[in-house]
Amino acid sequence: MIDKQYLIFDWYSENKRNLPWRSVKDPYYIWLSEIILQQTKVDQGLPYYLKFIKCYPNVKSLAAADLESVLKLWQGLGYYSRARNLHSAAKQVMTDFGGVFPDNYDSLLSLKGVGEYTAAAVSSFAYGEAKAVVDGNVFRVLSRLFKIATPINSTKGKKEFTILANEILDKSQPGEHNQAMMELGALVCKPKSPQCEICPVQGICLAFADKTQLDYPVKEKKLKVKVRHLNYLLFLDQNNNILIRKREGQGIWEGLYDFPCVETSESVDEVKEFEGVTLKNVFLDLEVKHILTHQKLMVKFWVHHKKDTPKTNGYMAIPIGDISNFPLPQLIVRYVNESSFFKR
DNA sequence: AACACGGGGCC
DNA sequence: GGCCCAGTGTT
C-alpha cells in the first residue's frame with residue numbers, strides 16, 4: 001500500500017461510475033461482466049451484460065444453453081472465443097464444481113477463458129481475496145506513477161508490474177482498491193489525454209513531475225496488418241433460398257456463419273468459378289473495406305441467380321429472410337443491412 | 001516469446 | 001490511420 005493511497009480511495013468514492021456489476025456480490029455476475037469487458041470498453045460491453053443476465057440469470061441456465069444461442073447473443077462484440085469459453089466454463093462449473101461457482105483465485109484459473117486478470121478480479125470483488133488486478137489501466141497508472149519503462153507487453157514487464165501491483169494492494173479492501181485503480185486509469189489517467197490537472201495523485205506521480213506522462217506506458221512491437229481480398233457469393237435461387245456456411249476451425253469468426261467465399265491474392269473484377277463449378281451471370285452487388293485489428297479485408301459481395309441452389313458439401317440452404325437467426329460477423333450484418341436483396 | 005483473435009471510439 | 005480497450009489461448 002502506497003503512502004497517500006487514501007487519495008485514490010477518496011477520489012473513487014466520489015467519482016466512480018454506477019455500473020450494474022458493482023452492486024452485486026454474486027460471482028456469476030461478476031465473472032460474466034469481466035469476460036465481456038476483456039479488451040472491451042464499458043460503454044460497448046454494458047448492453048451485452050444486460051442482455052446476458054436477462055437471458056441467462058444464473059450459471060445453470062447458461063450451461064444449459066446452446067452454444068449457437070450464446071454466440072448469437074454475443075454477436076457484434078468481437079473476440080468470439082470469449083463466448084465459446086464462457087459457455088464452456090459455465091458447463092465446467094456445473095460438472096467440476098457441482099454448480100457452485102469456484103471461490104478462490106486458483107480454482108477460478110481452471111475455468112476456460114479465465115486468466116490471471118479475471119481470476120484476480122472475481123476473487124477480489126466477490127470474495128475479498130487479496131489479489132491485485134493488472135489490466136491495461138493498471139499498467140498505465142503504475143508506469144506513470146513510478147516511471148517504469150519496462151515494456152508492458154513483455155514477460156519481464158508483466159512480472160514486474162504484477163509484483164508492484166500486489167505490493168501496493170490494500171489487503172484490507174482489495175476489491176475496492178482494484179476497482180479504484182482501474183477507474184482512475186479509465187477516467188483520469190487516460191492513454192492520449194490524461195487529466196493530470198484533476199488527478200488525485202498528481203502530487204506523487206513521478207511522470208507528471210517532469211511532464212513525461214505521455215511517454216508511459218512503454219510498449220514494444222507493433223502489430224502487422226494483413227490485407228486480404230474476399231469475394232462473397234450470394235447464391236440466390238427462385239425460391240429465395242441462399243447458401244450459408246458455419247465457419248469451422250481456427251481463424252476469424254469461428255462458429256459464426258457467412259456465405260460461400262473465394263479468397264484471392266489481389267482484387268478481381270469477376271468471379272467465374274466456385275469450387276470447380278463454372279459460374280455465369282455473377283454481378284457485383286457491394287464493395288466494402290472492413291477493418292479488423294490484425295486484418296484489412298477488401299470485400300466484394302457478388303450475386304448469382306440460379307434456378308436451384310447447388311448441392312455443395314459444407315453449405316446449407318436457408319430462406320434469405322432467416323439469415324438474421326444465425327450468429328453473424330459484423331461484416332455480414334453490414335451487407336445484410338445495406339444490400340437491396342435482403343430488403344423485404 | 002510471439003502471435004491470433006473483433007469491433008468501436010478517440011485523436 | 002494509429003492506438004487502445006476490466007486479456008486469453010495457442011504454438
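What you see is a predicted model; the values in this text were computed from it and never measured. By convention in this document, chain letters (A, B, ...) are assigned in the order of the sequence lines, proteins followed by strands, and residues within each chain are numbered from 1. Every heavy atom of this structure was used, including side-chain atoms; hydrogens, water molecules and symmetry mates were not.
- Separating the P atom of C:dT8 from that of B:dG8 is a span of 22 Å, rounded to the nearest Å.
- Between A:Arg140 and C:dC4 there is no side-chain polar atom (N or O) within less than 4.0 angstrom of OP1 or OP2.
- At the heavy-atom level, A:Thr118 lies under 4.0 Å from the strands shown only through sugar-phosphate atoms.
- If you check every strand for non-hydrogen atoms under 4.0 Å, A:Gly45 touches nothing.
- Relative to the side chain of A:Glu34, the nucleotides C:dG7, C:dA6, B:dC5 differ in distance, and C:dA6 lies closest.
- Projected onto DNA chain B by closest heavy-atom contact, A:Leu328 and A:Ser193 fall at different nucleotides, the more 5' of which corresponds to A:Leu328.
- Checking C:dG7, B:dG7, C:dG1 against the side-chain heavy atoms of A:Lys289 singles out C:dG1 as nearest.
- With C:dT8, C:dC5, B:dC11 as the candidates, the nucleotide lying closest to the side chain of A:Lys41 is C:dC5.
- For A:Leu230 and B:dG6, the CG to P distance is 14 Å, given to the nearest whole Å.
- Atom CD1 in A:Ile36 sits about 22 Å away from atom P in B:dC5, given to the nearest Å.
- Using a 4.0 Å heavy-atom criterion, one finds that A:Gln179 contacts the bases of the nucleic acid, with or without backbone contacts as well.
- Here A:Lys156 does not pair with A:Glu220 in a salt bridge; the nearest charged N to carboxylate O distance is not below 4.0 Å.
- Out of C:dC4, C:dA6, B:dA4, the shortest distance to the side chain of A:His294 is found at B:dA4.
- In this structure, A:Lys219 places its NZ atom 15 Å from P of B:dA2, rounding to the nearest Å.
- Between A:Arg22 and A:Asn85, it is A:Arg22 whose nearest contact on DNA chain C lies nearer the 5' terminus.
- Shortest non-hydrogen contact noted between A:Gly99 and A:Val59 is O-CG1, 4.0 Å.
- Between A:Tyr29 and A:Tyr49, the two ring planes are perpendicular [angle over 60°; tilted spans 30° to 60°].
- Closest approach to the A:Lys224 side chain among B:dG6, B:dC3, C:dT11 is made by B:dC3 (side chain taken as heavy atoms from C-beta onward).
- Across all strands, A:Lys192 comes closer than 4.0 Å only to sugar-phosphate atoms, never to a base (heavy-atom distances).
- Within the 6.0 Å centre-distance limit, the rings of A:Phe274 and A:Phe235 are counted as a close aromatic pair.
- Residue-to-nucleotide contacts include no donor-acceptor pair under 3.5 Å from the side chain of A:Thr40 to the base of B:dG8.
- Interatomic distance, NE2 of A:His229 versus NZ of A:Lys296, reported as 9.5 Å (0.5 Å rounding).
- Taking the C1' atoms as reference points, C:dA6 lies 22 Å from B:dC11, given to the whole Å.
- Residues A:Glu116 and A:Lys158 are not paired through a salt bridge, judged by the lack of any N-O separation under 4.0 Å between the basic side chain and the carboxylate.
- Side-chain nitrogen and oxygen atoms of A:His290 include at least one within less than 4.0 Å of the OP1 or OP2 phosphate oxygen of B:dG7.
- Within the cation-pi definition used here (under 6.0 Å to the ring centroid, within 45° of the axis), A:Lys211 qualifies as a partner of A:Phe208.
- The side chain of A:Gln38 approaches C:dG7 more closely than any other nucleotide in the set C:dT11, C:dG7, B:dG8.
- For A:Met182, taking side-chain heavy atoms from C-beta onward, the closest of the listed nucleotides C:dA6, C:dG1, C:dC4 is C:dA6.
- The aromatic rings of A:Phe342 and A:Tyr335 stand perpendicular to each other, their planes meeting at an angle above 60°, with 30° marking the opposite boundary.
- In this entry the distance linking NE2 of A:His87 with P of C:dG9 reads 17 Å, nearest Å.
- For A:Tyr80, counting side-chain heavy atoms from C-beta on, the closest listed nucleotide (C:dG7, C:dA6, B:dG6) is B:dG6.
- Within 4.0 Å (heavy atoms only), A:Val138 reaches no atom of the nucleic acid at all.
- Note: CD (A:Glu254) to P (B:dG6) measures 9 Å, nearest angstrom.
- Residue A:Gln330 is classed as a sugar-phosphate contact, given heavy-atom separations below 4.0 Å to backbone atoms only.
- Taking atom NZ of A:Lys226 as the reference point, atom C1' of B:dG6 lies 16 Å away to the nearest angstrom.
- Contacts between residues 52-77 of chain A and DNA chain B, defined by a heavy-atom separation below 4.0 Å, involve A:Gly76, A:Leu77, listed by number.
- Taking every side-chain heavy atom of A:Gln39 into account, C:dC5 is the closest of B:dA2, B:dA4, C:dC5.
- Comparing C:dC4 with B:dG6, their C1' atoms are spaced 13 Å from each other, to the whole Å.
- Look at NZ on A:Lys190: it is 9 Å from C1' on B:dC10, rounded to the nearest Å.
- If you check every strand for non-hydrogen atoms under 4.0 Å, A:Ser81 touches nothing.
- A sub-4.0 Å separation between OP1 or OP2 of B:dC5 and a side-chain N or O of A:Gln295 is present.
- Comparing atom distances between the A:Tyr79 side chain and each of B:dC5, C:dG1, B:dG8 picks out B:dC5 as nearest.
- Atom CG in A:Leu234 sits 9.5 Å away from atom CZ in A:Phe301 (nearest 0.5 Å).
- The residue among A:Trp21 and A:Lys112 whose nearest nucleotide of DNA chain C lies closer to the 5′ end is A:Trp21.
- Taken to the nearest 0.5 Å, the CZ atom of A:Arg144 stands 7.0 Å off from the SG atom of A:Cys196.
- A:Arg84 has its CZ atom 10 Å from the C1' atom of C:dG9, to the nearest Å.
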